Amino acid sequence: MFAAYAASLDPAHPLDGLELGDRPAPRDRPGWTTVDVRAASLNHHDLWSLRGVGLAEDKLPMILGCDAAGIDQDGNEVVLHSVIGQTGHGVGPDEPRSILTERYQGTFAERVTVPTYNVLPKPRELSFEQAACLPTAWLTAYRMLFTNAGVRPGDSVLVQGAGGGVATAAIVLGRAAGLRVYATSRDEARRRRAVELGAVEAFEAGARLPHRVDAVIETVGAATWSHSVKSLRPGGTLVISGATSGDRPSHAELTRIFFLELKVVGSTMGSREELEDLLAFCATTGVRPVIDEVLPLDRAREGFERLAVGDQFGKIVLTVNNG
């Protein structure tokens, strides 16, 4: 079957290890379900995999891709939850948690197999392309906002780095949930787009906000860390799920954190139950993922190139013609 996969790893030039071509189709195994992929979306996790982060040499070649929506063996339209081993379903109780493609072949292919526990019904209100955007970036944003930040309608939230998948999701979900959302970006066009999506205001990175916020959604890391901490009200919460600009800020702001009793919460992905809630939220409210571009699987390299330079706003989706 045709697939986009990591053939080698290179921290400095990750795209050098990306190849497109034939790979073995998944084999049936007890407790697992094979899905014909209709759409799959790119994440920064795919680029990090090509750099060798979370993916070991002895796992190569590895089909990339965490997210997908498609058709299961019984003809049902489904969405895949990409966290494997979280509860032991399909892999045994002692296997550590991993994200699809760290141990098991991914979704950038005509077919993929995952534990049956990880297969959820796709709401009919969502297209395959829309549903394929939800299980990683949008689920991460959902958990950051509503589980780990614990915000409520009327609360204020700062989203750093408008344009990235998680940041974009946080703006849209926050607006739909009645939050006052502020956003930052170095790019003026992205700031305008953030306001169009529901942000009350969008500012240049590091700019002073009208007031301190209840929570900050942080995925940028070192470049915005100090600003994130300084933007919180006393007792506020900073939730971090990524560090695309680096994970070692020059100023940790420890004095401010303990003096103002700020909370710093790490967040990774989300549970199957949270994905169910997110799917229902989108289906009932009319919220839809922001899609930057849809490409056929055989043009996956173009999508990776755009992701690598940060040229997208929202999700890049790959479609698969299985007919």
Side-chain angles (χ1 to χ4, degrees), residues 44 48 137-270 290 310 313-314:
H44 276 96
W48 287 111
W138 279 67
L139 178 59
T140 296
Y142 185 91
R143 181 177 178 84
M144 292 177 79
L145 283 169
F146 306 123
T147 301
N148 289 327
V151 289
R152 299 293 182 267
D155 285 348
S156 56
V157 176
L158 169 63
V159 178
Q160 297 280 22
V166 175
T168 302
I171 293 169
V172 176
L173 291 171
R175 170 63 176 173
L179 304 175
R180 288 177 294 154
V181 180
Y182 300 98
T184 67
S185 176
R186 294 173 297 177
D187 182 77
E188 182 180 355
R190 292 189 174 200
R191 295 196 295 271
R192 289 197 302 268
R193 184 75 173 116
V195 172
E196 292 171 2
L197 291 175
V200 176
E201 292 184 73
F203 304 91
E204 292 187 12
R208 186 181 182 90
L209 303 183
H211 60 86
R212 293 180 181 175
V213 296
D214 297 293
V216 175
I217 302 302
E218 174 65 85
T219 60
V220 179
T224 55
W225 181 260
S226 181
H227 181 247
S228 292
V229 174
K230 292 175 180 177
S231 297
L232 282 170
R233 64 162 175 79
T237 303
L238 192 162
V239 185
I240 179 168
S241 70
T244 55
S245 67
D247 62 359
R248 290 168 174 78
S250 58
H251 299 286
E253 305 291 348
L254 295 181
T255 301
R256 182 180 292 269
I257 289 172
F258 73 71
F259 189 75
L260 297 180
E261 297 187 320
L262 305 179
K263 293 179 285 292
V264 177
V265 182
S267 189
T268 299
M269 297 291 292
V290 179
F313 193 106

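Residue numbers run from 1 in the order of the sequence given. What you see is a predicted model, and the numbers here were worked out from it, not measured in a lab.
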Determine the minimum heavy-atom distance between [X] and [Y], stating which atoms define it.
X	Y	result
Ala183	Ala162	CB-CB, 4.2 Å
Leu173	Ala141	CD1-CB, 4.2 Å
Trp138	Gly165	NE1-O, 4.3 Å
Trp225	Ala252	NE1-O, 3.2 Å
Ala205	Arg186	CB-CG, 4.0 Å
Ala194	Ala202	CB-CB, 4.3 Å

Nearest 0.5 Å, please: how far is [atom2] in [Y] from [atom1] in [X]?
X	Y	atom1	atom2	result
Lys230	Leu260	NZ	CG	12.0 Å
Phe313	Leu197	CZ	CG	5.0 Å
Ser226	Glu253	OG	CD	3.5 Å
Ser267	Asn148	OG	CG	4.0 Å
Gln160	Ser228	CD	OG	3.5 Å

Do [X] and [Y] touch side chain to side chain, with heavy atoms closer than 4.5 Å?
X	Y	answer
Val200	Val181	no
Leu179	Arg152	no
Val213	Val157	no
Ser156	His211	yes
Thr237	Leu262	no

Backbone of [Y] reached by a side-chain donor or acceptor of [X] within 3.5 Å:
X	Y	value
Arg248	Gly246	no
Arg180	Gly154	yes
Lys263	Gly235	yes
Ser245	Val220	yes

query = Is the distance between the ring centroids of Phe203 and His227 less than 6.0 Å?
reply =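 Ring-ring flag for Phe203/His227: false, centres at least 6.0 Å apart.
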ask   = More than 12 heavy atoms of other residues, nucleotides or ligands under 6.0 Å from CD of Glu196: is that the case?
value =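 Atom CD in Glu196 is crowded, with more than 12 foreign heavy atoms closer than 6.0 Å.
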request  = Tell me, yes or no, whether the heavy-atom count around Arg175 atom CZ, taken from other residues, nucleotides or ligands under 6.0 Å, exceeds 12.
outcome  =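 Atom CZ in Arg175 is not packed in, count stays at 12 or less.
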query = So, Glu204 and Thr184: side-chain donor and acceptor under 3.5 Å apart, yes or no?
reply =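 Their side chains do not contain a donor-acceptor pair, so the 3.5 Å distance test is not met.
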ask   = So, Thr224 versus Glu218: side-chain donor-acceptor pair below 3.5 Å or not?
value =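 The answer is yes; a qualifying pair exists.
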ask   = When you look at Asp214 and Arg233, which way does the salt bridge (charged side-chain N to carboxylate O under 4.0 Å, His left out) test go after all the steps?
value = CA-CA 6 Å; Asp214 297 293; Arg233 64 162 175 79; 2.6 Å; yes
request  = Assess whether side chain to side chain contact (heavy atoms under 4.5 Å, CB included) is satisfied between Val239 and Val216, documenting all intermediate values.
outcome  = CA-CA 6 Å; Val239 185; Val216 175; over 6 Å; no
task = Run the numbers on Arg212 and Ser231 for side chain to side chain contact (heavy atoms under 4.5 Å, CB included), then give the verdict.
result = CA-CA 5 Å; Arg212 293 180 181 175; Ser231 297; 6.0 Å; no
task = Test Glu188 against Arg192 for salt bridge (charged side-chain N to carboxylate O under 4.0 Å, His left out), laying out the working first.
result = CA-CA 6 Å; Glu188 182 180 355; Arg192 289 197 302 268; 3.4 Å; yes
task = Identify which one of Leu145, Ile171, Thr219, Val166 satisfies the side-chain contact (heavy atoms from CB on, under 4.5 Å) criterion when paired with Val159.
result =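 Going through Leu145, Ile171, Thr219, Val166 one by one, the side-chain contact (heavy atoms from CB on, under 4.5 Å) with Val159 is satisfied by Ile171 alone.
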message = Run Ile257 and Val229 through side chain to side chain contact (heavy atoms under 4.5 Å, CB included) and show every step you take.
response = CA-CA 7 Å; Ile257 289 172; Val229 174; 4.0 Å; yes
